[in-house]
Amino acid sequence: MSNRPRVRFAPSPTGSLHIGGARTALFNWLYARHHGGTFVLRIEDTDKERSTPENTQAILEALRWLGLDWDEGPEVGGPYGPYFQSQRMERYREVIEKLLAEGKAYRCYCTPEELERKRAQAQAEKRQYRYDRTCRDREDQPDLPYTVRLKVPLEGTIAFEDRVYGRIEVSCEALQDWIIARSDGTPVYNFVVVLDDIDMKIDLVMRGEDGLNNTPTQLTLYQALGVEPPAFAHLPFILGPDRSKLSKRHAPVSVLHYRDQGFLPDAMVNFLARIGWSYGDQEVFTREELIEKFSIENIGKTAGVFPADKLVWLNFERIRAMDPARLAERVKPFVEKAGLPLPPDDRLAWICRLQQDRAKTLVELVEISRYFFTRTPIDPKAGQKFLTGPSRELLLEARAAIEAASDVSEATMKPALEGLAAKHGVGLGKIAQPLRVALTGGTASPGIYDVIEFFGREECLRRIDEALAQFSVDSGGELA
RNA sequence: GGCCCGUUCGUCUAGCGGUUAGGACGUCGGCCUCUCACGCCGAAAGCAUGGGUUCGAUUCCCGUACGGGUCACCA
């Protein structure tokens, strides 16, 4: 392998990018960036039925969101394009003809019905079915539909050294003369993937564990073509809680879903990297650290369950560590989506600073901050408890203290409110909770001085007055 | 079923012949405290199983069990 390796990610646009695909993309990207190589993106859109341009766009969007930029591929081009398989058909046909001409492949006139019959028979006799090579040495070319099959070696073994799993060896008897072109002339996946990897000069194929069983078959094609195969590295699966391959019945698997739920791309990347890869005891990585520390040697062989809790934690860590102004930029779209009025940038950053160690996602951050953006209804139970009876008296005194204070900074409010509490022989909580309910509508919020300072004197007084008006003096509750 | 791969706390994992088997998430308990969080301290929790090899196996080899994958004119 050259010291500037070329690797690729080759998704099929039959859906948007899912967690497993994203991790495969990430590992390839990390490998390329670590070695100063080239990351190629290729779209495997030969399945006309299920591939759509919308899915392709969704995949590109997800990749961009994750920050996995490709050096060659859709929208950026490159010397080995086109990067859509649907546009490479001519090339495939050409190679199929060549293989046929060289006698390395042959036309098979067996009908699907015949093949199905033989398969059923084998099954009935409890024999392993393998194509019986009826047409392998056939000389004539009747005017009938045919598929093209590759002549695979009759005996011997096919072996390769997987960079993750080590030496893999299978007997040729386990293989068969596989179809490389369907009766309509279109090539099959195992064929095109090999050809594209050759043409795009891929040095290392890093893909999911399911590729492991395909590799020997693909190797027979490299052999027939007389081409030195690339290196292979297969990645252990990501599993669902029931330990089968992760799918949407286990958890949302679309990367874009996590974006919309308020996860940060860096958290996602960190999370993805740690499934099946590790670096000693380290859990939290910046993107740069991942690039620097990534290596195939540290990829494990064991499939692992999707650790959703860890993603949440990682996201939380990220949010907490972010500069409030930068966090505010990220939060902005979520404020708009929630239908809340967008405050000036510095005010939004202020909110972020007050809430960033209370929210696990950006969606949650906005959700627990609604009262900062707009006046929200007071929780009836909280109002009942803290805006009536004895609490009400304390709140009135707190109101007076706010009104009388020279300013509403923590430096002046703290002694004022603590003095009030001391005067009544109660804990600060007796003062802070009624205030909190009046100001925020609920019983959970950042520190009371932070809240007061954020709103400012006028807004505090207004909110307190409104709150008091909504609840009566006695314990009767709301006036309605 | 044939073939291929895998198996360390509930989960993600470190370990690469001798360790009190380490970390993290989660869980539970405590501390802090104006609420909610944060933070801090602590606890419970693991080498699938049977044989070898070896002075000594979580670690190396074989079997068993369990799990996954793959065997298409899908990708």
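A note on names: the letters A, B, ... follow the listed sequences, proteins ahead of strands, and every chain is numbered from 1.
If you check B:rU13, B:rA72, B:rU11 against the side chain of A:Ile275, the one that comes closest is B:rU13. With B:rU13, B:rU35, B:rA75 as the candidates, the nucleotide lying closest to the side chain of A:Ala444 is B:rU35. If you check B:rC34, B:rC38, B:rC36 against the side chain of A:Arg320, the one that comes closest is B:rC38. Here the nucleotide nearest the side chain of A:Ser445, chosen from B:rC73, B:rG23, B:rU35, is B:rU35. Looking at the side chain of A:Asp47, the nearest of the listed nucleotides B:rA75, B:rC34, B:rC38 is B:rA75. In this structure, the nucleotide among B:rA75, B:rC3, B:rC12 sitting nearest to the side chain of A:Thr46 is B:rA75. Nearest to the side-chain atoms of A:Arg50 among the listed nucleotides B:rC34, B:rG6, B:rA75 stands B:rA75. Proximity note for A:Asn213 (side chain, C-beta onward) versus B:rU70, B:rC5, B:rA75: the nearest is B:rU70. With B:rC4, B:rA75, B:rG69 as the candidates, the nucleotide lying closest to the side chain of A:Lys245 is B:rG69.
Across the protein-nucleic acid pair, A:Tyr371 atom OH and B:rC36 atom P stand 13 Å apart, rounded to whole Å. Straight-line distance from the CZ atom of A:Phe160 to the P atom of B:rC5: 9 Å, rounded to whole Å. Atoms CD (A:Gln433) and C1' (B:rC34) sit 7 Å apart, rounded to a whole Å. Rounded to an integer number of Å, the gap from CD of A:Glu161 to P of B:rC4 is 16 Å. The interatomic distance linking A:Asp450 (CG) with B:rU33 (P) rounds to 17 Å, in whole Å. Rounding to whole angstrom units, CZ of residue A:Arg243 and P of B:rA48 are separated by 12 Å. B:rG10 atom C1' lies 17 Å from atom CZ of A:Phe306, rounded to whole Å. In this structure, the CZ atom of A:Phe316 is 12 Å from the C1' atom of B:rC36, given to the nearest Å.
Taking only distance into account, the side chain of A:Ser183 meets the base of B:rC73 through a donor-acceptor pair shorter than 3.5 Å. Under 3.5 Å, the side chain of A:Asp281 and the base of B:rG22 form at least one donor-acceptor pair of N or O atoms. With hydrogens and angles ignored, no donor-acceptor pair under 3.5 angstrom links the side chain of A:Glu209 to the base of B:rG6.
Proximity of A:Phe232 to A:Val164: side-chain heavy atoms (C-beta onward) are nowhere separated by under 4.5 Å. When side chains are defined from C-beta on, A:His250 counts as touching A:Ser244, because their heavy atoms get closer than 4.5 Å. Using a 4.5 Å cut-off on side-chain heavy atoms (C-beta onward), A:Val152 and A:Asp177 make contact.
B:rU11 and B:rU19 are spaced 24 Å apart, taking the C1' atom of each and rounding to whole Å. The same atom, C1', is picked in B:rA14 and in B:rG46; the two are 13 Å apart, to the nearest Å. When the P atom is used for both B:rG63 and B:rA45, the distance is 35 Å, rounded to whole Å. Across the P atoms, B:rC28 and B:rC66 are found 35 Å apart, a figure rounded to whole Å. Rounded to whole Å, the P atom of B:rG10 lies 14 Å from the corresponding atom of B:rA44. Atom P of B:rG42 sits at a distance of 14 Å from the matching atom of B:rC25, rounded to the whole Å. Distance check on atom P: B:rU58 versus B:rU20 gives 13 Å, rounded to whole Å. Here, B:rU64 and B:rC3 have their P atoms 11 Å apart, quoted to the whole Å.
Pair assignment for B:rA65: B:rU7, on the basis of Watson-Crick or G-U wobble contacts that are both within less than 3.5 Å. Across all strands shown, B:rA57 forms no Watson-Crick or G-U wobble pair with both distances under 3.5 Å. Base pairing analysis places B:rC71 opposite B:rG1; the two distances defining the Watson-Crick or G-U wobble pair are each below 3.5 Å. Both distances falling under 3.5 Å, in either a Watson-Crick or a G-U wobble arrangement, occur for no nucleotide opposite B:rG17. Pair check for B:rC40 finds B:rG30; Watson-Crick or G-U wobble, both atom distances under 3.5 Å. Nucleotide B:rU35 has no partner under the Watson-Crick or G-U criteria, as no pair reaches both atom distances under 3.5 Å.
For the 3.5 Å distance criterion, the side chains of A:His424 and A:Glu393 fail to qualify, holding no donor opposite an acceptor. The closest side-chain donor-acceptor pair between A:Gln85 and A:Arg88, if any, does not fall under 3.5 angstrom.
Counting any heavy atom pair closer than 4.0 Å across all strands shown, A:Pro446 reaches a base atom. Within 4.0 Å (heavy atoms only), A:Cys172 reaches no atom of the nucleic acid at all. A:Thr147 comes within contact range of at least one nucleobase, with a heavy-atom separation under 4.0 Å. Residue A:Gly208 is classed as having no contact, given no heavy-atom separation below 4.0 Å to the nucleic acid. Residue A:Asn214 is classed as a base contact, given a heavy-atom separation below 4.0 Å to a base. A:Gln128 comes within contact range of at least one nucleobase, with a heavy-atom separation under 4.0 Å. Using a 4.0 Å heavy-atom distance criterion, A:Gly304 is classed as a sugar-phosphate-only contact. Within the 4.0 angstrom heavy-atom criterion, only backbone atoms of the sugar-phosphate kind lie near A:Ile168; the bases stay farther away.
With salt bridges taken as basic N to acidic carboxylate O contacts below 4.0 Å, none links A:Glu113 and A:Arg117. Note on A:Lys245 versus A:Glu209: no salt bridge recorded, every NZ/NE/NH1/NH2 to OD/OE distance being 4.0 Å or above.
Remark on RNA chain B: of its neighbouring residues A:Thr443 and A:Phe237, the 5'-side contact belongs to A:Thr443, judged by nearest-heavy-atom nucleotide. Taking for each of A:Leu239 and A:Ala181 the nucleotide of RNA chain B with the nearest heavy atom, the 5'-most of the two is the partner of A:Leu239.
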Using a 3.5 Å cut-off and no angle test, enumerate the donor-acceptor pairs between side-chain atoms of residues 210-217 of chain A and protein atoms at least two apart in sequence or in another chain.
{"residue": "A:Thr215", "atom": "OG1", "partner": "A:Arg207", "partner atom": "NH1", "Å": "3.1"}
{"residue": "A:Thr215", "atom": "OG1", "partner": "A:Gly211", "partner atom": "O", "Å": "2.8"}
{"residue": "A:Thr215", "atom": "OG1", "partner": "A:His234", "partner atom": "NE2", "Å": "3.3"}

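Within the structure, a side-chain polar atom (N or O) of A:Arg119 is placed less than 4.0 Å from OP1 or OP2 of B:rA72. Note on A:Ser278: a side-chain N or O is less than 4.0 Å away from OP1 or OP2 of B:rA14.
Annotated as syn: B:rC38, whose glycosidic dihedral is within 90° of 0.
Here A:Ile43 contributes atom CD1 and A:Thr56 contributes atom OG1; the two are 5.0 Å apart, rounded to the nearest 0.5 Å. Here the CD1 atom belonging to A:Ile464 is positioned 4.0 Å from the CD1 atom belonging to A:Ile402, to the nearest 0.5 angstrom. Atom CG of A:Leu26 sits about 10.0 Å away from atom CE of A:Met268, to the nearest 0.5 Å.
Aromatic ring centres of A:Phe271 and A:Phe306 lie closer together than 6.0 Å.
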Can you tabulate the close N/O pairs, meaning under 3.5 Å, that link protein atoms to atoms of nucleotides 25-30 of chain B?
none

